[in-house]
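Data first, discussion second: the structure below is written as structure tokens.
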There are 2 protein chains.
Amino acid sequence: MDSPAAARAPNRNQLSGMLRQSGIRPTRQRVALAGLLFARGNRHLSAENLHAEAMAKRVPVSLATVYNTLNQFRRAGLLREVVVDGPKTYFDTNTTEHHHFYVEDDQQVIDVPAGSITMAGLAEPPPGYEVARVEVVVRLRRAAR
Amino acid sequence: MDSPAAARAPNRNQLSGMLRQSGIRPTRQRVALAGLLFARGNRHLSAENLHAEAMAKRVPVSLATVYNTLNQFRRAGLLREVVVDGPKTYFDTNTTEHHHFYVEDDQQVIDVPAGSITMAGLAEPPPGYEVARVEVVVRLRRAAR
DNA sequence: ATTTGTGCAAATCGTTTGCATCTGA
DNA sequence: TCAGATGCAAACGATTTGCACAAAT
């Protein structure tokens with residue numbers, strides 16, 4: 001059951017190092033949240049999700065701090081914001097270029113395996129602007145059978 | 001200064017007819033809002049936007065009614081919801097298959113001309129699901145020059 | 001010691017809803 | 001007439017913020 005090095009759950013020290021390298025002071029709760037986030041590969045979760053998970057694992061952290069931390073991690077490039085609409089914001093631990101399925105019925109975000117979508121002609125941005133990034137959201141519904 | 005028939009501003013009667021055909025009772029405020037929405041081609045606006053515009057044109061309508069009306073029009077297929085994230089929901093008067101530029105700096109949504117983006121390989125949905133629709137959002141930033 | 005983070009509760013923002021009143025067919 | 005629409009204000013859910021306290025360098 002072994003996995004690539006990158007996917008192995010990092011320990012406390014590795015997490016601290018990761019945060020320090022991103023210019024983020026490794027506090028108790030930030031390390032704990034990073035632990036939950038990066039324990040296993042690619043996760044998509046909302047602030048609420050993460051907070052619930054922290055509570056379940058008896059990591060005392062307030063919802064406000066979870067929000068602050070997620071946004072901080074995003075600014076540092078450790079997380080990526082997923083563009084689905086709807087009331088909640090999702091964060092993705094996979095920061096590489098890839099896209100998403102979104103199941104509205106159960107508010108679930110799923111990675112589209114890299115390479116299974118290819119943009120043939122990328123649209124030319126209007127003058128004065130440049131492309132920051134491209135997000136593809138494939139909205140799914142439960143098959144009608 | 002003429003334009004294709006479809007893009008010519010519809011009059012009150014045409015608007016009423018349009019609503020009736022969609023099974024929506026053409027009330028004073030719905031017709032007025034439809035007038036603002038469909039006066040000229042392709043618009044992207046939020047409830048707030050439309051409400052402000054109505055106020056400016058002395059069309060008395062409450063924000064709640066604007067929300068109700070937009071959602072109604074969307075359900076009827078007269079409008080399409082645009083999937084950008086951020087707090088606001090945008091509605092697009094162009095209901096055909098197309099994609100969007102989104103300028104985060106000024107919260108602006110712009111149509112990507114049809115055909116300038118082509119998906120080469122469409123991702124296979126996970127079993128039990130089918131593709132409802134595909135949304136491409138090209139996020140723009142102001143060119144750094 | 002100083003700077004930075006944390007928790008709480010209150011504030012904010014977009015959106016929806018309950019309900020009494022009005023209005024279009 | 002009378003089902004359905006409107007407006008208002010209150011309710012809501014997600015997110016942010018102000019401030020006193022606590023922890024990290």
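Quick note on labels: first sequence line is chain A, next is B, and so on, each numbered from 1.
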Check: Can you find a side-chain donor-acceptor pair between B:H44 and B:N94 that sits under 3.5 Å?
Finding: no
Margin query: Does a side-chain N or O of A:R30 approach OP1 or OP2 of C:dT4 to a distance below 4.0 Å, or not?
Written below: no
Item checked: Residues A:E104 and A:R141 bridged, charged N to O under 4.0 Å -> no
Next item on the list: Taking the side chain as every heavy atom from C-beta outward, state whether A:R30 and A:Q72 have any atom pair closer than 4.5 Å.
Entry: yes
Next item on the list: In whole angstrom, give the distance that lies between atom CZ of B:R75 and atom P of D:dA5.
Entry: 10 Å
Notebook entry, point to check: If the sugar-phosphate is the primed atoms plus P, OP1 and OP2 and the base is the rest, what is the B/S/- string for nucleotides 17-25 of chain D, using protein heavy atoms under 4.0 Å?
Noted result: B------BS
Note to self: Under 4.0 Å between a side-chain nitrogen and a carboxylate oxygen: does that hold for A:R139 and B:E130?
What the structure shows: no
Next item on the list: Hey, could you give me the CD/CG distance between A:Q107 and A:N49, rounded to the nearest 0.5 Å?
Entry: 9.5 Å
Next item on the list: Can you measure from OH (A:Y90) to NE2 (A:H100) and round to the nearest 0.5 angstrom?
Entry: 12.0 Å
Notebook entry, point to check: In whole angstroms, how far is the P atom of C:dG14 from the CZ atom of B:F91?
Noted result: 14 Å
Note to self: What is the separation between atom CD on B:E81 and atom P on C:dG14, rounded to the nearest whole Å?
What the structure shows: 16 Å
Next item on the list: Indicate if A:Y102 and A:V82 have the same hydrophobic cluster label, given that clusters are the connected sets of ILVMFWY residues with side-chain heavy-atom separations under 4.5 angstrom.
Entry: yes
Review item, nucleotides 13-15 of chain D N/O atoms under 3.5 Å of protein N/O:
{"unit_1": "D:dA14", "atom_1": "OP1", "unit_2": "A:K88", "atom_2": "NZ", "d": "3.1"}
{"unit_1": "D:dA14", "atom_1": "O3'", "unit_2": "A:P87", "atom_2": "O", "d": "3.4"}
{"unit_1": "D:dT15", "atom_1": "OP1", "unit_2": "A:T89", "atom_2": "N", "d": "2.9"}
{"unit_1": "D:dT15", "atom_1": "OP1", "unit_2": "A:T89", "atom_2": "OG1", "d": "3.0"}
{"unit_1": "D:dT15", "atom_1": "OP2", "unit_2": "A:Y67", "atom_2": "OH", "d": "2.4"}
{"unit_1": "D:dT15", "atom_1": "O5'", "unit_2": "A:Y67", "atom_2": "OH", "d": "3.2"}

Check: Could you state the CD-P distance from B:Q72 to D:dG4, rounded to the nearest angstrom?
Finding: 12 Å
Checklist line | Phosphate OP1/OP2 of C:dG7 contacted by A:S62 side-chain N/O (<4.0 Å) | finding: yes
Next item on the list: For B:L140 and A:P126, work out which heavy atoms get closest and say how close.
Entry: CD1-CD, 3.6 Å
Next item on the list: Round to a whole Å and report the spacing from CG of B:L19 to P of C:dG24.
Entry: 14 Å
